[in-house]
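Working notes, beginning with the structure itself.
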Amino acid sequence: MRLSDIIKGTDAIIVEGRADMEILSICNDSRKVTPGALFIAVRGTTLDGNKFIPGAMQAGAVAAVSADRRAVAEMAANFYGHPSEKLSLVGITGTNGKTTTVTLLYRMFTALGHKCGLLSTIANYVGEQMSEAINTTSDPITANALMAQMVEQGCEYCFMEVSSIGVEQERIHALKFKVGIFSNLTHDHLDYHKTFAEYLRCKKLFFDNLDKDAIVLTNVDDKHGLVMTQNTKAKVMTYSCRNVADFRCKVMEESFDGMMLRIDDTESWTRLIGLHNAYNLLAVYSTARVLGVAKEDALVALSSLQSAPGRLENINGPKGISVVIDYAHTPDAMENVLKTLRETGPKRHLVCLFGCGGDRDRSKRPEMAAVAAKWADRIFITSDNSRSEKTSDIIAEIKTGLDEQGLAKSITIEDRKEAIRAAIMFSPENSTILLAGKGHETYQITGDVKAHFDEKEIVNEIFSQMNK
């Protein structure tokens, strides 16, 4: 493609190269430049990509342009032929439930016989081909490249997580969404956005920028559900488990094996548990319906779905001990999971093991401690991707959220593996132990070191030793 076609309609400035030059690839990281590439120098807040133009040219780039984030997204869409316009692109934003919802949508539509793509926190899929995901919302070059592969391989749908940071950084600019979903809005990412109002504004921008031929599905049980749609040009439809809405759901029965849901006056059994998953499943059902799936087909497919990796994953061990691994890393998400574990099935001794990430929102640390103390019989406070902070400092901030009673039932063990071992070994028979915060992650970040750390492996190893 010619350089002039790539920068068409953007405010990019040509720094090196002729407008009629043929470009083989585009890149905004000088370390990843290949011969024949266009290097896009982004004017960031901390780094000026223009400084890397000489190095990119030496590495084989044949042209370089200077651009802001919006122009990068526009050039990526131009270069890859606007693939989002050739797919039914569904995006979901909200604090909790994004990964579960897009994963369930991908699995449902695949089961219904459609070839699909998935862009999520856990992984990206083009059909059945998986690649590693770096961010919750991919950068625009990666997203457009993956969608172009989806189009080439005959995919009809793409299901995508949309983060507030991704919206603010223009990663989804120039993408054409057919459906936008709002799940909920609670405490998260204030290390980046600084205020809750700014966090809300960035979420809302996703819906503000949708085209008039798009559809918004919003959760009206969340107090921000209708706020999100105030300025959208898209058609607004609603879903709810408590109020009048276009799509409705009610939990009829629940056990550790699953839930019986009444969705639009029809009962359907699902393998997932918890009210938060009822909302996730209703969002999936609602999306299927607005995309033209028949009610009966949607409900049948819904009943066979299993949750995303690292979301309420259960491992049963000796002495009737059950370990549940979940990605819950916000106060609201952890309360949803603990409440589900406390109220589902027979009463069991409930243990909560968690930490909080370093270099992230510090204000939620005491809140998570308070939530753990409210629902759990025993609390283990430990590490969780401490990054550049001292684990002891993070734990000290967590414990400020505990009153005298909470402190009395809490145990502090900085080493997360040893904390897991202690939680299992010292819990009474028939206990449920929630390991919160890591979920699908298979690593632990301490300082600049990213070490292998897979909680499923650790739990199975401990259980194996107990069985000897």
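- Scored by the salt bridge (charged side-chain N to carboxylate O under 4.0 Å, His left out) test, R107 finds no partners at all (sequence neighbours excluded).
- With no hydrogens or angles considered, a side-chain donor-acceptor pair links E441 and N385 at under 3.5 Å.
- Residues A283 and I181 come closest through the heavy atom pair CB-CG2, 4.3 Å.
- Around the CG atom of D448, the shell of radius 6.0 Å holds no more than 12 heavy atoms that belong to other residues, nucleotides or ligands.
- Atom CG of residue N209 and atom CD1 of residue I172 lie 7.0 Å apart, to the nearest 0.5 angstrom.
- Side-chain contact annotation: E414 with S383, donor-acceptor N/O pair under 3.5 Å absent.
- Applying the 6.0 Å contact sphere to NZ of K319 captures more than 12 heavy atoms from other residues, nucleotides or ligands.
- The CZ atom of R171 lies 6.5 Å from the CD1 atom of I165; values are rounded to the nearest 0.5 Å.
- Listed here is the closest heavy atom pair of Y239 and S286: CB-OG, 3.8 Å.
- Of all the heavy atoms in F109 and C116, the pair that sits closest is CB-SG, 3.5 Å.
- A pairwise comparison of heavy atoms in G274 and T340 identifies CA-OG1, 3.3 Å as the closest pair.
- The list of salt bridge (charged side-chain N to carboxylate O under 4.0 Å, His left out) pairs with a residue in residues 454-466, not counting sequence neighbours, reads E313-K456, R416-E455, K417-E461, R421-E461.
- The closest side-chain donor-acceptor pair between N135 and T137, if any, does not fall under 3.5 angstrom.
- If you check the side chains of N467 and S464, you find no donor sitting under 3.5 Å from an acceptor.
- With hydrogens and angles disregarded, a donor-acceptor distance shorter than 3.5 Å links the side chain of D377 to the backbone of L350.
- The two residues K347 and R342 come nearest to each other via the heavy atoms NZ-NH1, 3.3 Å.
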Query raised in the report: salt bridge (Lys or Arg N to Asp or Glu O under 4.0 Å) between E343 and R348: does it pass, once the steps are laid out?
Result: CA-CA 10 Å; E343 296 181 350; R348 293 165 62 92; over 6 Å; no
Requested in this report: Begin from the C-alpha positions of T93 and K203 and carry the test side chain to side chain donor-acceptor pair (under 3.5 Å) through to its verdict.
Outcome: CA-CA 7 Å; T93 197; K203 292 286 189 189; 3.1 Å; yes
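- Annotation: M425, atom CE; neighbour count of heavy atoms from other residues, nucleotides and ligands within 6.0 Å does not exceed 12.
- Proximity of a side-chain donor or acceptor of T101 to a complementary backbone N or O of K98 within less than 3.5 Å is not detected.
- No side-chain N or O of K399 forms a donor-acceptor pair with one of S410 less than 3.5 Å apart.
- Ring geometry for F247 versus Y285: interplanar angle over 60°, hence perpendicular rather than tilted (30 to 60°).
- M368 CE to D384 CG: the interatomic distance, rounded to the nearest 0.5 Å, is 8.0 Å.
- The aromatic ring centres of Y327 and H440 sit less than 6.0 Å apart.
- Atom NZ of K178 has 12 or fewer neighbouring heavy atoms from other residues, nucleotides or ligands inside a 6.0 Å radius.
- Shown here are the ring pair (Phe, Tyr, Trp, His ring centres under 6.0 Å) partners of H82, two or more places apart in sequence or in another chain: there are none.
- Here the closest non-hydrogen pair linking I394 and G357 is CD1-C, 4.3 Å.
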Query - Intermediate values then yes/no, salt bridge (Lys or Arg N to Asp or Glu O under 4.0 Å), D211 and K176 - result: CA-CA 8 Å; D211 294 338; K176 184 175 177 60; 3.0 Å; yes
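- To the nearest 0.5 angstrom, D415 atom CG is 8.5 Å from Q444 atom CD.
- With respect to Y279, the side chain to side chain donor-acceptor pair (under 3.5 Å) criterion is satisfied by exactly one of N184, D221, N219, D222: D221.
- In K235, the NZ atom is not crowded: 12 or fewer heavy atoms of neighbouring residues, nucleotides or ligands sit closer than 6.0 Å.
- Among L272, N336, N277, T100, the single residue meeting the side chain to side chain contact (heavy atoms under 4.5 Å, CB included) criterion with L312 is N277.
- Note that CD1 of I381 and OG1 of T412 are 4.5 Å apart. Values are rounded to the nearest 0.5 Å.
- With sequence neighbours left out, Y106 forms a ring pair (Phe, Tyr, Trp, His ring centres under 6.0 Å) with Y125.
- Remark: A422 engages F380, I413, F426 in a side chain to side chain contact (heavy atoms under 4.5 Å, CB included) (not counting sequence neighbours).
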Using atom types as modelled, flag every donor-acceptor pair under 3.5 Å from a side chain in residues 144-160 to any protein atom, sequence neighbours excluded.
{"unit_1": "N144", "atom_1": "ND2", "unit_2": "P140", "atom_2": "O", "d": "2.8"}
{"unit_1": "E156", "atom_1": "OE1", "unit_2": "H114", "atom_2": "ND1", "d": "3.4"}
{"unit_1": "E156", "atom_1": "OE2", "unit_2": "H114", "atom_2": "ND1", "d": "3.0"}

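- Between I379 atom CD1 and I411 atom CD1 the span is 10.0 Å, to the nearest 0.5 Å.
- Here K339 does not pair with E335 in a salt bridge; the nearest charged N to carboxylate O distance is not below 4.0 Å.
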Query raised in the report: Do D332 and T330 pass the side chain to side chain donor-acceptor pair (under 3.5 Å) test, and can you show the C-alpha distance, the side-chain angles, and the key distance before you say yes or no?
Result: CA-CA 5 Å; D332 184 66; T330 67; 5.5 Å; no
